[in-house]
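Since the structure comes first, as structure tokens, the remarks are kept for the end.
Worth saying up front: this structure is predicted, and the values here are computed from it rather than measured.
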Amino acid sequence: MEYFNGKFHGQGYYKFNDKEYYKGSYENGIKQGLGEITYKDGTKINCNFDNGKLNGIGTIERPNSKKQIKVQFINGKLNKSFNNSTKHR
């Protein structure tokens with residue numbers, strides 16, 4: 001993890017608890033830019049973060065699925081799910 005003025009800054013990995021974590025970009029202690037959240041059930045969300053909130057087009061991958069679902073987040077909330085999911089390699 002990188003720091004600047006005592007705050008996370010740059011690329012990093014943060015573990016929330018035993019099984020949930022975030023890896024990606026930070027700016028002044030806030031998630032900013034591309035990142036991935038992995039939840040304890042194994043669900044992964046890859047998306048852009050804007051001021052700490054999911055924002056833009058990204059993907060959700062469930063642990064028991066080989067597909068990534070293309071989604072859109074606006075201000076931290078799931079706005080749209082697209083039908084054209086892609087197979088994970």
Shortest non-hydrogen contact between [X] and [Y], atoms and distance:
| X | Y | value |
| --- | --- | --- |
| Asn48 | Leu34 | OD1-N, 3.7 Å |
| Ser25 | Gln32 | CB-O, 2.8 Å |
| Tyr13 | Lys23 | CD1-CB, 3.9 Å |
| Tyr39 | Ile45 | CE1-CD1, 3.8 Å |
| Gly52 | Ile30 | N-CG2, 3.1 Å |
| Gly56 | Cys47 | O-SG, 3.6 Å |

Check: Tyr26 ring centroid to Phe49 ring centroid under 6.0 Å: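 For Tyr26 and Phe49, the ring centres are not under 6.0 Å apart.
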Short side-chain to backbone donor-acceptor contact, His9 and Asn28, under 3.5 Å: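 Yes, the answer is positive, given that a donor and an acceptor are paired below the 3.5 Å cut-off.
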Flag, side chain of Gln68 to backbone of Thr59, donor-acceptor distance under 3.5 Å: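 Judged by distance alone, no pair lies under 3.5 Å.
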Side chain to side chain donor-acceptor pair (under 3.5 Å) involving Asn75 - partner list, sequence neighbours excluded: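 Residues passing side chain to side chain donor-acceptor pair (under 3.5 Å) with Asn75: none at all.
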When you compare the side chain of [Y] with that of [X], does any pair of heavy atoms fall below 4.5 Å?
| X | Y | answer |
| --- | --- | --- |
| Ile60 | Arg62 | yes |
| Thr43 | Thr38 | no |
| Lys67 | Glu61 | no |

Would you give the length of the straight line joining atom [atom1] of [X] to atom [atom2] of [Y], rounded to the nearest 0.5 angstrom?
| X | Y | atom1 | atom2 | value |
| --- | --- | --- | --- | --- |
| Lys19 | Lys40 | NZ | NZ | 8.5 Å |
| Asp50 | Asn55 | CG | CG | 5.0 Å |
| Lys77 | Asn79 | NZ | CG | 11.0 Å |

Leu78 with Leu54, same ILVMFWY side-chain cluster at under 4.5 Å: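 Yes, it is one cluster - the side chains of Leu78 and Leu54 are joined through contacts under 4.5 Å.
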Audit row: Phe8, Glu2, side-chain contact (heavy atoms from CB on, under 4.5 Å) steps and yes/no: CA-CA 6 Å; Phe8 298 148; Glu2 299 173 47; over 6 Å; no
Stacked cation flag Lys15 on Tyr21, 6.0 angstrom / 45 deg: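 Pair Lys15/Tyr21 does not count as cation-pi.
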Crowding at CG, Asn17 (>12 non-hydrogen neighbours, <6.0 Å):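 For Asn17, atom CG is crowded (more than 12 foreign heavy atoms under 6.0 Å).
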Residues, nucleotides or ligands: over 12 heavy atoms within 6.0 Å of Phe4 CZ: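 Incorrect, the count does not exceed 12.
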